[in-house]
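Input: a single structure, listed below in structure tokens.
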Protein chains: 2
Amino acid sequence: MTDTTHAHRIDEPSALLRAAGLRVTAPRVAVLAALREHRHADADTLIATTRARLGSVSTQAVYDVLKALVDAGLVRRIEPAGSPARYEPHTHDNHHHLVCRTCGRIEDVDCAAGRRPCLDVVDDFGFTIDEAEVVYWGQCPDCA
Amino acid sequence: MTDTTHAHRIDEPSALLRAAGLRVTAPRVAVLAALREHRHADADTLIATTRARLGSVSTQAVYDVLKALVDAGLVRRIEPAGSPARYEPHTHDNHHHLVCRTCGRIEDVDCAAGRRPCLDVVDDFGFTIDEAEVVYWGQCPDCA
DNA sequence: ACCTAGAATGGATTCATTCCATAAAACACT
DNA sequence: AGTGTTTTATGGAATGAATCCATTCTAGGT
């Protein structure tokens with residue numbers, strides 16, 4: 001914990017919450033902090049981390065916080081097949097994910113050449129497409 | 001139901017099962033038939049359809065059948081975020097899916113120019129990638 | 001026709017998540 | 001600083017999807 005007394009840095013949890021029009025509460029600040037520590041954490045991990053930090057929080061509080069953060073666009077929720085939902089700070093950079101089939105490890109990947117993949121669909125069935133989500137499945141070095 | 005007495009067509013449920021080294025049972029045949037009728041059906045739909053066809057089947061039987069079919073490569077399981085698992089006959093054509101955020105409708109899409117998307121990842125973290133799964137999110141014409 | 005491995009049954013159980021009513025606390029306004 | 005209104009947290013129960021288990025049944029080889 002760096003000593004930043006009276007900090008007003010724009011990337012601080014409380015500042016982020018205020019900027020998003022959300023009330024600043026201990027659970028919210030703690031969940032945001034936990035999200036920074038654990039990349040692609042699931043709810044369980046975040047509950048445990050938040051609980052360790054605050055002494056106690058209800059399970060539902062963490063779920064509520066996550067929902068509020070996702071709705072506000074501060075957090076991104078991903079749901080890889082076969083694993084519970086994972087959460088990451090929302091970076092708005094359209095990155096994708098690399099998932100290990102064996103251990104579930106997840107890493108961020110930028111799309112080749114920075115272009116969004118396959119934006120042109122041959123037949124879109126009249127759909128209005130707003131996002132192309134890519135998941136790369138494989139084995140991580142530890143599991144291979 | 002077309003009248004194909006003593007049929008031996010290679011794409012028939014029982015032939016498919018035998019070719020995959022699986023025993024031919026009523027629930028398996030019925031689930032395969034149900035999968036043809038309902039594109040991207042979830043377990044509930046398949047259970048209901050199978051039950052209607054056979055008179056009765058246990059819920060677990062259908063789940064077991066689906067697992068066996070998926071393991072045998074006859075069926076593909078997809079799990080779009082926010083909805084229960086969906087199943088489709090496995091076509092081995094590397095197609096992707098278009099999902100309506102509102103009603104959950106799913107359509108198949110071929111990747112632009114038939115190429116697999118973003119095969120070259122900038123940094124693969126040492127992973128051995130075997131599949132790139134793409135989900136296009138949007139609104140279907142009915143929901144737009 | 002018989003035997004045995006594999007499949008189906010019914011019942012209970014897990015896991016992740018959501019719903020509900022009540023109690024607490026954050027921010028706006030004196 | 002005190003008060004009030006509205007949002008948030010709590011604790012407990014409930015849901016939906018899927019899986020586990022022991023028992024019974026059956027497909028298909030001998």
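Throughout, protein chains are lettered first and strands after them, A, B, ... in sequence-line order, and every chain is numbered starting at 1.
If you measure from atom CG of B:L66 to atom C1' of C:dA7, you get 14 Å, rounded to the nearest angstrom. To the nearest angstrom, C1' of C:dC15 lies 9 Å from CG of A:D44. The distance between atom CG of B:L54 and atom C1' of C:dA8, rounded to the nearest whole Å, is 12 Å. The nearest whole Å value for the distance from the CD1 atom in A:I78 to the P atom in C:dA16 is 16 Å.
Comparing atom distances between the A:Y63 side chain and each of C:dC27, D:dA18, C:dA16 picks out C:dA16 as nearest.
Aromatic ring pairs are classed by plane angle as parallel below 30°, tilted from 30° to 60° and perpendicular above 60°; the pair A:H90 and A:H92 is parallel. Aromatic ring pairs are classed by plane angle as parallel below 30°, tilted from 30° to 60° and perpendicular above 60°; the pair A:H97 and A:H95 is perpendicular.
When every heavy atom of B:A20 is checked against every heavy atom of B:L74, the shortest pair comes out as CB-CD1, 4.0 Å. Summarising the geometry of B:F127 relative to A:C100, their closest heavy-atom pair is CE2-N, 3.6 Å, with the distance given to 0.1 Å. Residues B:A34 and B:T49 share a closest heavy-atom pair of CB-CG2, 3.7 Å. Across all non-hydrogen atoms, the minimal contact from A:L16 to A:D11 is CD1-O, 3.7 Å.
Residue-to-nucleotide proximity on DNA chain D shows that, of B:R18 and B:E79, the 5′-proximal contact is made by B:E79.
Remark on the helix from C:dA1-D:dT30 to C:dT30-D:dA1: inter-end axis angle 30°, axes from five-pair C1' superpositions, rounded to 10°.
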*Under 4.0 Å protein heavy-atom contacts per nucleotide of nucleotides 1-11 of chain D, with B for base, S for backbone only and - for none*: -----BBSSBB
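Listed by first then second residue, pairs satisfying salt bridge (Lys or Arg N to Asp or Glu O under 4.0 Å) with a partner in residues 27-36 of chain B number zero, not counting sequence neighbours.
Side chain to side chain, A:H40 and A:D108 meet the donor-acceptor criterion of an N or O pair below 3.5 Å.
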